[in-house]
Amino acid sequence: MMEKELRRAVLALLIIALFGLLIYPGLYKYDKLEGKYPVRMNRITGETKILREGGWVKEGDAASSTAGDEREQAVTRQDLVTLRDEIRNELLQEMQNKLNQAKADWAASSSPAGPVYEDGTSVLPDGGAGTGSSNK
């Protein structure tokens, strides 16, 4: 009977130890690299992996991947600057075209004699000489 209780105690301690080693803290310890990339470290093997867009990448592979990301980000920033400049230039050109069209429409719609009464006589005392171009 004593032997049976001893086996139970040893088995209970073994179960508690295995639970403490393998299950309770988890197989992986999680951390962050540069406050940006999630990192997981295997508690048993010590293998470290970094979470990237394509999934978990081993530590050595992730360094080259990070450098590639920095190049991609630099290209992306340059593309954004170029795109911003193109959009700005297109908008400025469109505004200039509309302004030129409005000037042309105004010039075509205004009469060179200036405003007139219903009977056709000029509203201005000098016969319409002060309507625009001669107003210097």
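Worth knowing before you read on, the calculation uses all heavy atoms, side chains too, and leaves out hydrogens, waters and symmetry mates.
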- request: Check the surroundings of atom CZ in Arg7: do more than 12 heavy atoms from other residues, nucleotides or ligands lie under 6.0 Å from it?
  value: no
- request: For residues Leu92 and Arg88, determine if any side-chain heavy atom of one lies less than 4.5 Å from a side-chain heavy atom of the other.
  value: yes
field: Identified side chain to side chain contact (heavy atoms under 4.5 Å, CB included) partner of Glu47 from the options Met41, Arg40, Lys58
entry: Lys58
task: Find out if a path of hydrophobic residues (ILVMFWY) with successive side-chain heavy-atom gaps under 4.5 Å connects Leu13 to Leu6.
output: no
Asp105-Gln101 side chain donor-acceptor pair, cut-off 3.5 Å: yes
Residue pair Gln93 / Asn89, side-chain donor-acceptor N/O under 3.5 Å: no
task: Starting at OG1 of Thr82, measure out to CD1 of Ile87 and round the result to the nearest 0.5 Å.
output: 11.0 Å
message: Can you tell me how far apart OG1 (Thr48) and OH (Tyr28) are? Round to the nearest 0.5 Å.
response: 11.0 Å
message: For a quick test of reading the model, state the closest non-hydrogen atom pair linking Tyr37 to Ile50 and the distance between them.
response: CB-CG2, 3.7 Å
- request: Could you tell me which non-hydrogen atom of Ile44 sits nearest to which non-hydrogen atom of Asn42, and how far apart they are?
  value: N-OD1, 2.8 Å
